[in-house]
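Single-structure report; data block below.
When a ligand or atom number is given, it counts from 1 through the structure's own listing order. For the numbers below, each heavy atom of this structure counts, side chains included, while hydrogens, waters and symmetry mates do not.
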Amino acid sequence: MNSLEIKNFGIMGYPVGHSLSPQMYKAAFTAAGFVNYNYIPLQVHAGKLFMAVEAIKGLDFRGVNVTIPHKTTIAKYLDAIDADALVIGAVNTVVNDGGMLTGYNTDVSGFLAALAEANFLPEDCHAVMLGAGGAARAVLWGLCKRRAEFVAIGARNPQKAQALANDFLSYGNVEGFDWLSDEFKEMLQTADILINTTPLGMFPEVDDMPPVELKLLPEGALVYDIIYNPVETKLLRTAKELGYPTLDGLSMLLLQGREAYRLYTGELPDMKIMEKTLKKFLSTK
Ligand code: NAP
């Protein structure tokens with residue numbers, strides 16, 4: 001690619017001012033010599049999404065990241081949806097190939113790449129997930145893709161946990177639970193990994209954590225919190241104190257960004273620059 005070429009990128013959401021994506025991608029573009037690549041926060045109200053998607057083409061944006069509340073609704077305005085995004089039911093990245101818009105979900109590859117970096121093999125594992133929202137769908141699809149033997153979803157609302165499980169029954173052995181029930185506690189006792197996909201413990205409510213008895217987990221079970229702000233949540237701190245290995249949400253955030261960058265440019269970004277930038281801005285939040 002010609003590094004002097006002008007290309008536009010952005011993140012569409014509402015609100016969008018808190019997003020760290022502009023800093024992260026701009027730092028990576030600059031490091032790669034793409035000095036004329038712009039990355040803009042695009043505040044898009046729910047009722048204006050169709051016009052905003054048309055503007056991706058009209059203004060010749062090469063791509064946009066997509067965040068709350070548009071991840072599900074944007075699909076109907078796109079020309080094609082990648083297989084992962086179809087299963088998850090959410091798009092977080094749109095690539096514009098000469099007016100043809102394709103939606104992707106890079107959370108799943110970010111999640112799986114983070115597990116790989118932590119040397120955790122999901123194949124045949126017993127996994128316990130907390131939460132049944134949007135991020136849970138990407139995490140669950142990642143676990144099913146890699147053929148986890150069993151996935152227990154625990155949530156404060158067991159109907160939502162079971163509804164999520166039902167959506168994935170054709171992909172794996174998945175069941176929903178009330179996370180306070182004795183049945184769920186039994187699931188913890190044989191888990192190889194526990195993954196928090198709820199926002200409990202996220203800034204500014206940093207003293208919160210999901211109501212799970214971590215000490216029920218077998219020795220050596222990985223405790224993974226996909227929250228990245230703060231990087232070390234109360235859940236992870238507690239797990240460390242009990243002697244469990246832990247994984248924070250920063251690597252998933254970075255690695256889903258790496259995948260989006262690859263889709264946009266065909267190249268891989270400088271991950272060290274992206275990480276340094278994210279950490280710098282996270283520490284100011
Ligand atoms: P979401 O769609 O709103 O889902 C949140 C889930 O957590 C739902 O199951 C919700 O239950 C549950 N929940 C929320 N507040 C709760 C509370 N006070 N007590 C018990 N359960 C509660 O959110 P999301 O998009 O999945 O995001 C969840 C978290 O993942 C956020 O912290 C986000 O920053 C993080 N995330 C990280 C990455 C990364 O790259 N590291 C990527 C995506 C998301 P109800 O349905 O009952 O409300």
Side-chain angles (χ1 to χ4, degrees), residues 11 13-16 18-21 24-25 65-74 84-85 88-93 104-115 117-118 128-142 151-165 167-168 174 176-181 184 194-212 223-236 246-261 271 274-275 278-279 281-282 285:
I11 176 158
Y14 191 89
V16 82
H18 65 286
S19 171
L20 298 176
S21 294
M24 183 175 84
Y25 288 100
N65 295 101
V66 183
T67 187
I68 291 167
H70 305 310
K71 284 181 164 193
T72 312
T73 40
I74 199 166
D84 283 338
I88 295 164
V91 164
N92 74 348
T93 304
Y104 297 87
N105 189 306
T106 64
D107 278 342
V108 66
S109 69
F111 167 70
L112 289 173
L115 280 185
E117 279 193 352
V128 168
M129 292 172 46
L130 306 174
R137 297 185 72 85
V139 166
L140 181 55
W141 175 226
V151 186
I153 307 164
R156 63 176 167 185
N157 182 333
Q159 284 81 26
K160 284 190 182 172
Q162 194 51 49
L164 173 60
D167 283 352
F168 283 77
V174 191
F177 295 87
D178 175 341
W179 64 11
L180 298 178
S181 67
F184 189 65
L194 174 131
I195 307 155
N196 176 40
T197 74
T198 78
L200 283 168
M202 190 170 78
F203 181 86
E205 310 295 344
V206 295
D207 291 328
D208 285 352
M209 67 178 265
V212 278
V223 178
Y224 183 2
D225 198 335
I226 70 163
I227 290 174
Y228 52 82
N229 189 16
V231 176
E232 186 177 80
T233 57
K234 185 175 177 190
L235 179 76
L236 293 188
T246 60
L247 179 59
D248 62 57
L250 194 62
S251 52
M252 175 174 166
L253 180 68
L254 280 163
L255 291 162
Q256 65 77 29
R258 177 180 75 178
E259 178 60 6
Y261 185 102
M271 294 297 285
M274 282 170 80
E275 181 172 355
L278 273 184
K279 282 185 169 160
F281 284 95
L282 277 173
K285 293 263 164 185

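Distance from atom 27 (O) of ligand 1 to its nearest protein heavy atom, with residue and atom name: A135 CB, 4.1 Å. Counting only heavy atoms of the protein, atom 29 (C) of ligand 1 lies nearest to T197 O, 3.6 Å. Distance from atom 4 (O) of ligand 1 to its nearest protein heavy atom, with residue and atom name: G133 CA, 3.3 Å.
Each of F177, W179, F184 was scored for a side-chain contact (heavy atoms from CB on, under 4.5 Å) with V128, with one residue passing: F184.
Of all heavy-atom pairs between V91 and N105, the closest is N-ND2, 4.5 Å. The nearest pair of heavy atoms linking I11 to V16 is O-CG2, 3.6 Å.
Side-chain contact check for Y261 versus T106: every heavy-atom pair is 4.5 Å or farther apart.
Protein non-hydrogen atoms do reach within 4.0 Å of atom 19 (N) of ligand 1. Put simply, atom 23 (O) of ligand 1 has no protein non-hydrogen atoms near it, under 4.0 Å away.
The shortest heavy-atom distance from Y224 to ligand 1 is not under 4.0 Å. Residue contacts with ligand 1 leave out A155, since none of its heavy atoms falls under 4.0 Å from the ligand.
Here the CG atom belonging to L20 is positioned 8.0 Å from the CZ atom belonging to F281, to the nearest 0.5 angstrom.
Remark: ligand 1 and G131 share no N or O pair separated by less than 3.5 Å (distance only, no angle test). For ligand 1, one of its N or O atoms has an N or O atom of K160 under 3.5 Å away. Considering both main-chain and side-chain atoms, L200 never comes within under 3.5 Å of ligand 1 through any nitrogen or oxygen pair. Any N or O atom pair closer than 3.5 Å counts here, and G249 shares at least one such pair with ligand 1. Checked against a 3.5 angstrom limit, the closest N/O atoms of G134 and ligand 1 fall inside it.
Remark: ligand 1 atoms within the under-4.0 Å shell around heavy atoms of P199 are 5 (C), 7 (O), 13 (N), 14 (C), 15 (N), 32 (O). Listed by atom number, the atoms of ligand 1 under 4.0 Å from M202 heavy atoms are 31 (C), 32 (O), 34 (O). Applying the 4.0 Å criterion to heavy atoms of W179 picks out, from ligand 1, the atoms 20 (C), 21 (N).
Taking all heavy atoms of Q159, Q256, R137, R156 into account, the minimum distance to atom 10 (C) of ligand 1 is reached by R156. Closest to atom 35 (C) of ligand 1 by heavy atom, among I226, L130, I68, T72, is I226.
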### Task
Please lay out, stage by stage, how D225 and T233 fare under the test side chain to side chain donor-acceptor pair (under 3.5 Å).
CA-CA 8 Å; D225 198 335; T233 57; 2.7 Å; yes
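Ring geometry, Y224 versus F111: the interplanar angle falls under 30°, so the pair is classed parallel (tilted spans 30 to 60°).
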